[in-house]
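All heavy atoms count here, side chains included; hydrogens, waters and symmetry mates do not. Throughout, a chain's letter reflects where its sequence line sits, starting with A, and its residues are numbered from 1.
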Protein chains: 2
Amino acid sequence: MPKSTFFNLPKDKQEHIFRHAMEEFARHPYEQASLSEIVKKAGIAKGSMYQYFSGKKDLYKYVVQQVYRHKREYLQPVWELKDKIDFFRMLSMYYRRSWHYAQAYPTQHKVIVNFWDSKDAAVREEILREKQTRINVFADLLEHGSRSGVIAPGIDKETAWFVYHAVARDLIDNFLDPGIDIHSHEAFIDSVLAILELGLRPRKE
Amino acid sequence: MPKSTFFNLPKDKQEHIFRHAMEEFARHPYEQASLSEIVKKAGIAKGSMYQYFSGKKDLYKYVVQQVYRHKREYLQPVWELKDKIDFFRMLSMYYRRSWHYAQAYPTQHKVIVNFWDSKDAAVREEILREKQTRINVFADLLEHGSRSGVIAPGIDKETAWFVYHAVARDLIDNFLDPGIDIHSHEAFIDSVLAILELGLRPRKE
DNA sequence: ACAAAATGTGACTGGGCAGTCACATTGGAG
DNA sequence: CTCCAATGTGACTGCCCAGTCACATTTTGT
């Protein structure tokens with residue numbers, strides 16, 4: 001948690017510092033990110049940073065937390081369709097929107113990618129917490145799909161989550177080429193999801 | 001490439017140095033791995049290392065190359081079954097064996113995981129080369145499966161590769177807990193592959 | 001207007017790093 | 001045995017880092 005001095009700062013100065021910290025953590029994973037670089041870019045003194053945050057890790061946790069909050073808000077509208085549309089259609093929308101997020105907010109996106117890749121012991125507990133949140137949310141969805149009959153009853157929930165999670169990572173995290181064609185990537189997302197859908201839907205024997 | 005002085009060394013000294021370098025690159029990704037640490041652990045002088053290798057990157061490339069060679073040899077027997085067994089059975093064997101490799105050679109395995117995660121510009125060209133090799137090999141298999149009729153004709157090869165690659169990464173790379181039960185993880189691998197198989201097999205309408 | 005509290009500062013500390021170099025040691029050719 | 005090229009060495013350079021601290025400046029309450 002940032003110290004109270006940080007929150008006492010005028011909002012625009014808070015954002016200024018936050019933005020430069022976020023950019024550094026987007027460029028480099030936690031271990032290689034440099035506090036000295038952040039304060040230089042932000043034009044504030046090193047010592048000031050230590051008035052706001054207790055150290056590098058504190059700043060990092062704050063940045064990751066804020067970025068996740070931001071992304072969750074962006075994805076919120078899709079969750080609200082949960083009871084209105086089919087499980088598989090919802091997943092399609094969810095992945096498309098996740099990908100749009102990565103396109104619209106590449107800096108935030110890169111922070112998240114670096115976060116998931118981190119091997120640092122202290123960061124890993126945060127990763128596990130976040131992972132559990134994702135699992136819970138998805139398990140919810142699956143339960144829903146299972147009850148409404150679009151998912152074969154024999155499918156193990158954990159297995160299904162695993163498959164989607166694995167695919168999502170590569171589907172969204174690694175398609176950031178600015179030159180990429182939006183429609184063709186959306187089509188690609190759907191073709192990948194189609195394979196999974198066929199694998200999960202009940203068989204008509 | 002190592003300098004000739006390295007290859008002039010007695011084989012056991014080469015292996016001694018190699019082993020300690022490999023352990024360091026298993027513990028840390030390239031950027032965070034420390035040459036000073038390697039020479040300390042190996043009990044040789046810093047300067048000697050520079051007689052053998054032109055620098056950190058040279059040593060790293062050599063280690064990754066050797067580890068990949070080792071892994072490929074381990075997987076070789078499965079490839080040789082290519083023409084003898086069903087596409088899906090072969091994939092099951094392939095993933096099981098990959099996982100056994102990770103269990104049997106955790107150090108080598110971790111080097112490979114770190115290699116794929118690397119964001120370093122100079123390392124990335126190696127990654128792309130390796131990726132292309134994997135794609136080619138898999139495309140071959142897929143073609144085979146497609147011709148023998150076990151894969152639905154409408155499936156795009158690139159999409160299929162993508163799905164398997166994404167799943168493989170999580171299936172093998174992230175199950176290294178030493179306490180894990182071998183049989184239950186093999187069963188898990190198969191249940192994941194079953195979903196993909198259902199998604200790819202031709203439908204009987 | 002003033003003092004005290006809060007905030008801002010950047011030189012400094014101690015440490016780690018890759019890579020270098022002048023020198024020491026070794027081993028093989030003649 | 002002698003000499004020279006190949007090999008081994010670790011102190012050293014220059015760099016970057018997180019975190020600290022004595023001091024400077026600003027804000028706040030009275």
Could you check how far [atom1] of [X] sits from [atom2] of [N], rounded to whole Å?
X     : N      : atom1 : atom2 : value
A:D58 : D:dT20 : CG    : C1'   : 17 Å
A:M49 : C:dT7  : CE    : C1'   : 15 Å
B:H28 : C:dA18 : NE2   : P     : 11 Å
A:K3  : C:dG8  : NZ    : P     : 12 Å
B:I38 : C:dG19 : CD1   : C1'   : 14 Å
B:E24 : C:dA18 : CD    : C1'   : 13 Å
A:K41 : D:dC17 : NZ    : P     : 11 Å
A:I44 : D:dT25 : CD1   : C1'   : 16 Å

Examine A:K56 relative to A:Y30 and say whether NZ or CZ is less than 6.0 Å from the centre of the six-membered ring and inside a 45° cone about the ring axis.
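Yes, a cation-pi geometry holds between A:K56 and A:Y30.
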
Please say whether the positively charged group of A:R97, taken as NZ for Lys or CZ for Arg, lies over the ring of A:Y74, i.e. under 6.0 angstrom from the six-membered ring centre and within 45 degrees of the axis.
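Yes, a cation-pi geometry.
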
Side chain of A:K56 (C-beta onward), nearest among D:dT9, D:dA18, C:dG19
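Between D:dT9, D:dA18, C:dG19, the one nearest the side chain of A:K56 would be D:dA18.
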
Phosphate OP1/OP2 of [N] contacted by [X] side-chain N/O (<4.0 Å):
X     : N      : answer
A:N8  : C:dA6  : no
A:S48 : C:dT7  : no
B:S34 : C:dA18 : yes
B:T5  : D:dT7  : no

Where protein sits on nucleotides 21-26 of chain C, one letter per nucleotide: B base, S sugar-phosphate only, - none, heavy atoms under 4.0 Å:
B-----

What's [X] touching, base or sugar-phosphate or nothing? Going by heavy atoms closer than 4.0 Å.
X     : answer
A:K13 : sugar-phosphate
A:Y52 : sugar-phosphate
A:F53 : nothing

Does a donor on one side chain sit under 3.5 Å from an acceptor on the other, for [X] and [Y]?
X      : Y      : result
B:H28  : B:E23  : no
B:S36  : B:K46  : yes
A:D156 : B:S191 : no

With DNA chain D as reference, determine whether B:G43 or A:K57 sits nearer its 5' end, using the nearest nucleotide of each.
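Mapping each residue to its closest nucleotide by heavy atoms, the 5'-most match is B:G43.
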
Looking only at atom types and distance, does a side-chain atom of A:Q108 sit under 3.5 Å from a main-chain N or O of A:V67, one as donor and one as acceptor?
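Looks like no, no N/O pair under 3.5 Å.
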
Under a 4.0 Å N-O cut-off, is there an ion pair linking A:K41 with A:E37?
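A:E37 and A:K41: salt-bridged.
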
